[in-house]
Amino acid sequence: MDQEDRIALFLDYENLALGARDHRGGAAFDFRPIADALAERGRVVVRRAYADWSYFDEDRRMLTRSHVELIEIPQRMGASRKNAADIKMAVDAIELAFERDYISTFVICSGDSDFTPLVHKLRELNKRVIGVGVEGSTSGLLPPACDEFLYYDRLEGVDIPPARGRRARPTTRQAGAEQRPPEPEQEQDRRPQDAEPDRDVDALAVLVAQSVAGLQGSANGEVTASRLKRTLLRKDPTFSESDYGFRTFGELLRHLAERNVIELGEGPAKGDPEVSLPEHGDREVAFGLLRGVVADLGSGGNPVALSGLKNQVRRARPDFSEKKLGYRSFLQFCKAAATAGVLDLRWSPEADDYLLTTQT
């Protein structure tokens with residue numbers, strides 16, 4: 001148990017409940033998916049929710065059953081009541097950060113950008129911060145400030161809201177030509193819901209390859225799956241493998257390994273494999289492709305300028321991308337090919353460009 005993260009959970013309940021109602025078709029807020037997501041990340045030792053509870057009678061019972069401490073913020077005047085809840089929540093979080101050293105992670109459940117300074121201060125105190133918010137009501141400033149940000153709408157167990165378009169379905173029998181539209185309408189309603197979680201796996205492959213290359217070049221020691229996951233979350237706190245259709249991060253890595261984007265080896269612990277970029281295979285094929293293009297363009301031993309060369313490579317192979325191989329730029333890819341002895345690369349002041357020639 002000493003290895004587990006101790007988590008303190010703070011809920012700006014009015015922000016969450018109203019955000020769920022306004023942006024999820026009137027659906028009621030459910031605390032259980034948040035509790036389940038945090039249970040996978042550590043041991044929650046503090047659970048506090050802040051609101052004027054006279055407005056949330058049903059929610060009070062639901063939260064009490066989940067052992068959440070309800071902090072009462074009495075009704076005052078509009079913005080002053082909201083500010084009172086925000087200030088109380090921020091003060092309690094900072095106080096807990098100083099008084100309870102064993103708490104390593106703070107979870108701020110709100111989409112309000114006013115909590116961004118609190119997040120910065122907690123991270124300054126060496127605390128990990130996870131944010132949780134309803135996607136439609138979360139400020140764009142808050143997720144990048146956190147170590148990890150979970151959109152409530154994407155959590156396991158959150159029901160998909162009913163499509164609004166179905167309310168317009170006619171209730172009375174109409175002429176035969178007018179009775180058929182409801183069926184296509186259902187397809188139209190479902191399509192955005194089915195397509196929303198899908199993201200570009202090719203773009204993900206580029207991101208993973210770049211991250212592995214960066215870790216291998218700048219850090220000491222092996223790159224493990226857990227270390228790579230932390231790096232991806234630092235780059236994009238909203239990252240989740242489930243958005244790409246994978247159940248676990250390990251399943252995602254195995255998929256990329258099958259595509260020869262990365263290689264997996266035995267790591268220091270079971271379930272935490274070592275991740276590396278392929279030393280052979282696609283990279284050698286790409287180097288060969290580059291050499292062939294340079295040889296064709298520079299027939300007779302003439303040098304070929306770097307400018308415009310990538311377009312020529314893509315004409316020969318439209319799916320070429322140096323980023324999939326872990327290189328941040330086409331120049332870096334060409335330098336690697338030169339280091340491997342595939343061709344010569346030099347800077348020419350006269351041409352104001354890099355010139356490439358094939359080795360004889």
Side-chain angles (χ1 to χ4, degrees), residues 144 199-225 227-236 239 244 252-253 255-265 274-360:
R199 296 190 179 184
D200 188 356
V201 179
D202 288 337
L204 174 63
V206 171
L207 176 63
V208 170
Q210 286 182 324
S211 300
V212 173
L215 289 171
Q216 287 180 331
S218 62
N220 296 323
E222 58 195 12
V223 179
T224 61
R227 187 177 186 182
L228 175 61
K229 177 69 177 288
R230 289 193 297 269
T231 301
L232 294 175
L233 284 172
R234 282 195 290 268
K235 290 184 175 183
D236 179 9
F239 170 80
Y244 298 88
L252 163 62
L253 293 181
H255 172 77
L256 295 180
E258 290 172 358
R259 294 180 56 185
N260 206 30
V261 176
I262 57 173
E263 288 183 349
L264 298 178
E274 182 180 355
V275 185
S276 61
L277 293 175
E279 293 296 333
H280 305 286
D282 280 2
R283 238 185 297 192
E284 288 190 348
V285 172
F287 286 164
L289 172 67
L290 176 65
R291 188 183 190 284
V293 172
V294 171
D296 290 341
L297 294 175
S299 56
N302 296 321
V304 177
L306 180 67
S307 301
L309 180 58
K310 183 175 179 179
N311 290 334
Q312 299 297 327
V313 173
R314 282 185 167 172
R315 286 183 182 178
R317 182 176 169 182
D319 64 342
F320 170 79
S321 172
E322 74 280 356
K323 293 182 172 60
K324 288 184 180 180
L325 302 171
Y327 299 103
R328 299 180 185 276
S329 66
F330 186 67
L331 173 59
Q332 187 184 37
F333 168 71
C334 292
K335 287 181 176 179
T339 301
V342 176
L343 42 72
D344 289 324
L345 175 71
R346 63 181 178 85
W347 172 257
S348 171
E350 294 81 10
D352 193 27
D353 199 353
Y354 283 96
L355 299 179
L356 298 90
T357 54
T358 57
Q359 294 182 347
T360 56

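These numbers come from the heavy atoms of this one structure, side chains and all, not from hydrogens, waters or symmetry mates. Being a predicted model, the structure only gives us computed values, none of them experimental.
For V208, the side chain to side chain contact (heavy atoms under 4.5 Å, CB included) partners at least two apart in sequence or on another chain are L204, V212, L228, L232, L256, I262. With sequence neighbours left out, the side chain to side chain contact (heavy atoms under 4.5 Å, CB included) criterion links R346 to S348, L355. For D353, the side-chain hydrogen bond (donor to acceptor under 3.5 Å, both in side chains) criterion is met by S307, not counting sequence neighbours. Residues passing the salt bridge (Lys or Arg N to Asp or Glu O under 4.0 Å) test with E322 are K310, sequence neighbours excluded. Applying the side-chain hydrogen bond (donor to acceptor under 3.5 Å, both in side chains) criterion to R314, with sequence neighbours excluded, gives no partner residue.
T231 OG1 to D236 CG: the interatomic distance, rounded to the nearest 0.5 Å, is 13.0 Å. How far CG of L343 is from CG of L356: 5.5 Å, rounded to the nearest 0.5 Å.
Counting all heavy atoms, side chain and backbone alike, E222 lies closest to R227 at O-NH1, 3.0 Å. For Q312 against L297, the heavy-atom pair with the smallest separation is CG-CD1, 3.8 Å. Annotation for L253 and A225: closest pair CD1-CB, 3.5 Å, computed over non-hydrogen atoms. P303 and T357 make their closest contact through CA-CG2, 3.4 Å (heavy atoms, listed as atom of the first residue, atom of the second, distance). Closest approach of T224 and V275 over heavy atoms only: C-CG2, 4.2 Å. Contact between E263 and L277 at its shortest, heavy atoms only, is OE1-O, 4.3 Å.
Legend: salt bridge (charged side-chain N to carboxylate O under 4.0 Å, His left out) pairs involving residues 294-307, not counting sequence neighbours: none detected. Here ring-ring contact (aromatic ring centres under 6.0 Å, His included) pairs that include residues 292-319, with residues two or more places apart or in two chains, number zero.
Using cut-offs of 30° and 60° on the angle between ring planes, the pair Y354 and W347 is perpendicular.
Using a 4.5 Å cut-off on side-chain heavy atoms (C-beta onward), L264 and E274 make no contact. Residues L233 and K229 form a side-chain contact, since some pair of their non-hydrogen atoms from C-beta on lies under 4.5 Å apart. The shortest distance between side-chain heavy atoms of V304 and T358 does not fall below 4.5 Å. Between V342 and L290, every side-chain heavy-atom pair lies at or beyond the 4.5 Å cut-off.
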Donor-acceptor list for residues 330-340 side chains, cut-off 3.5 Å, not counting sequence neighbours:
residue	atom	partner	partner atom	Å
Q332	OE1	R328	N	2.6
T339	OG1	K335	O	2.9

